[in-house]
There are 2 protein chains.
Amino acid sequence: MSEAQDVLFRTLADPTRRALFERLCREGERTVGALTERAGVSQPVVSKHLGLLKQAGLVRDRHQGRHTYYSAQLGALAPLVDWTSEMAGFWQSRFDDLEDLLKRMDQ
Amino acid sequence: MSEAQDVLFRTLADPTRRALFERLCREGERTVGALTERAGVSQPVVSKHLGLLKQAGLVRDRHQGRHTYYSAQLGALAPLVDWTSEMAGFWQSRFDDLEDLLKRMDQ
DNA sequence: TCGATCCATAGCCAATCAGGTATGGATACG
DNA sequence: CGTATCCATACCTGATTGGCTATGGATCGA
């Protein structure tokens, strides 16, 4: 029930938002205008999504003149990686328990 | 824009649903009744969430008499792991590009 | 200085969805 | 059998939210 995980999942659940984050990962730093092209939605919508991504810590922004440059903060994905590892860990430990059980039954 | 990733993120975005999946990972196979205890929501709601988790491939169900046992399908998390790896990969390759650039500038 | 461009905010609307209650089918038990 | 338990489905409702347009502040270029 970690808050960080919740924010990440909720933020990345939206396809438009995830696509924006993906583009920033692929292409590096980009302006709002550049991201709006081929985003399939209007500029205000892109700005709002970028705002949410920023709140989630997934991107950071840098102002230069009229432009705002956004870039991906990959480290923010850590809680997500941790969560999957944790789930896999539970799985594995239960599997070990099963192995233990079978081993003991075998004797 | 993989469909599998989209389903996973959307399904795991809900806290109640994620908590159910977590319990199944931690505790192994459980009935709907057992999951409803401490879920904080009503039994029909639990059933609906389990249905969605099943659609997403994250759990599987097994019927025995009046009971329905659900269990986590950890392999279903693969697309999520792949996605994070891919993002990290883009990040890394851009970093490599930068290294390349710096190296060439150095000469 | 004036017009144009870039971006963020505000306000609105439609769609989605998580929650509840009601209910019924299926199975177990006395 | 008849009753109780387990679970899923149907239906409704309020809240959330992703999209739009309108607008305004800020900066650049002429």
Side-chain angles (χ1 to χ4, degrees), chain A residues 1-3 5-24 27-73, chain B residues 1-3 5-24 27-73:
Chain A
M1 100 163 183
S2 156
E3 190 58 34
Q5 292 160 5
D6 194 65
V7 170
L8 280 188
F9 274 114
R10 220 182 23 238
T11 303
L12 293 171
D14 182 74
T16 304
R17 216 145 46 213
R18 204 168 55 250
L20 285 172
F21 179 69
E22 284 193 27
R23 281 193 58 188
L24 289 176
E27 310 174 5
E29 201 178 50
R30 286 291 182 273
T31 67
V32 175
L35 290 170
T36 298
E37 300 181 33
R38 299 170 178 257
V41 292
S42 66
Q43 173 268 313
V45 168
V46 171
S47 279
K48 194 192 308 191
H49 282 307
L50 289 172
L52 291 175
L53 285 169
K54 182 181 172 186
Q55 275 193 331
L58 286 163
V59 303
R60 95 180 201 81
D61 60 347
R62 176 175 69 84
H63 298 278
Q64 179 176 326
R66 284 183 297 182
H67 300 281
T68 308
Y69 288 89
Y70 283 89
S71 53
Q73 293 286 99
Chain B
M1 105 160 184
S2 156
E3 190 59 34
Q5 292 161 5
D6 194 65
V7 170
L8 280 189
F9 274 114
R10 223 187 12 243
T11 303
L12 293 172
D14 181 74
T16 303
R17 218 148 44 216
R18 203 168 57 250
L20 285 171
F21 179 70
E22 284 194 27
R23 283 194 58 188
L24 289 176
E27 309 174 5
E29 201 178 49
R30 285 291 182 273
T31 66
V32 175
L35 290 170
T36 299
E37 301 182 29
R38 298 168 179 260
V41 293
S42 66
Q43 173 267 313
V45 167
V46 171
S47 279
K48 195 193 304 189
H49 282 308
L50 289 171
L52 291 175
L53 285 168
K54 182 181 171 186
Q55 275 194 329
L58 287 164
V59 302
R60 96 182 202 79
D61 61 346
R62 175 176 69 83
H63 297 280
Q64 179 178 324
R66 283 183 297 183
H67 300 281
T68 308
Y69 288 88
Y70 282 88
S71 53
Q73 294 285 100

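Numbered from 1 within each chain, the chains take letters A, B, ... in sequence-line order.
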side-chain contact (heavy atoms from CB on, under 4.5 Å) against [X], all qualifying residues, sequence neighbours excluded:
X        : result
Arg10(A) : Asp6(A), Val7(A)
Glu37(A) : none
Leu8(A)  : Leu58(A), Pro79(A), Leu80(A)

Partner set under salt bridge (Lys or Arg N to Asp or Glu O under 4.0 Å) for Glu27(A), not counting sequence neighbours: Arg23(A), Arg30(A)
By salt bridge (Lys or Arg N to Asp or Glu O under 4.0 Å), which residues pair with Arg66(A), not counting sequence neighbours? none
Donor-acceptor list for residues 38-52 of chain A side chains, cut-off 3.5 Å, not counting sequence neighbours:
from, atom 1, to, atom 2, distance (Å)
Gln43(A), NE2, Ser47(A), OG, 3.1
His49(A), ND1, Arg17(A), NH1, 3.3

Asp61(B) versus Val32(B): any side-chain heavy-atom pair under 4.5 Å? no
Find the bend of the helix from dT1(C)-dA30(D) to dG30(C)-dC1(D) as the angle between its two terminal axes (five pairs each), to the nearest 10°. 20°
Please list, by residue number, the residues of residues 62-69 of chain B whose heavy atoms come closer than 4.0 Å to an atom of DNA chain D; answer none if no residue qualifies. Arg66(B), His67(B), Thr68(B)
Using a 4.0 Å cut-off on heavy atoms, which residues in residues 34-54 of chain A reach DNA chain C? List them by number, or say none. Gln43(A), Pro44(A), Ser47(A)
Return the OH to CD distance between Tyr69(B) and Gln64(B), rounded to the nearest 0.5 Å. 5.0 Å
Outermost nucleotides of DNA chain C that come under 4.0 Å of a non-hydrogen atom of chain B: dA18(C) to dA28(C)
N/O donor-acceptor pair under 3.5 Å between Arg18(A) side chain and Leu12(A) backbone: yes
By side chain to side chain donor-acceptor pair (under 3.5 Å), Thr11(A) pairs with (sequence neighbours left out) none
Using ring-ring contact (aromatic ring centres under 6.0 Å, His included) as the criterion, list what pairs up with Tyr70(B), not counting sequence neighbours. none
Protein-nucleotide distance (Arg10(B), atom CZ; dT17(D), atom P), rounded to Å: 15 Å
Mind calculating the distance between CZ (Arg30(B)) and C1' (dC6(D)) to the nearest angstrom? 17 Å
Exercise: identify the closest heavy-atom pair between Phe21(A) and Ala72(A): CE1-CB, 3.9 Å
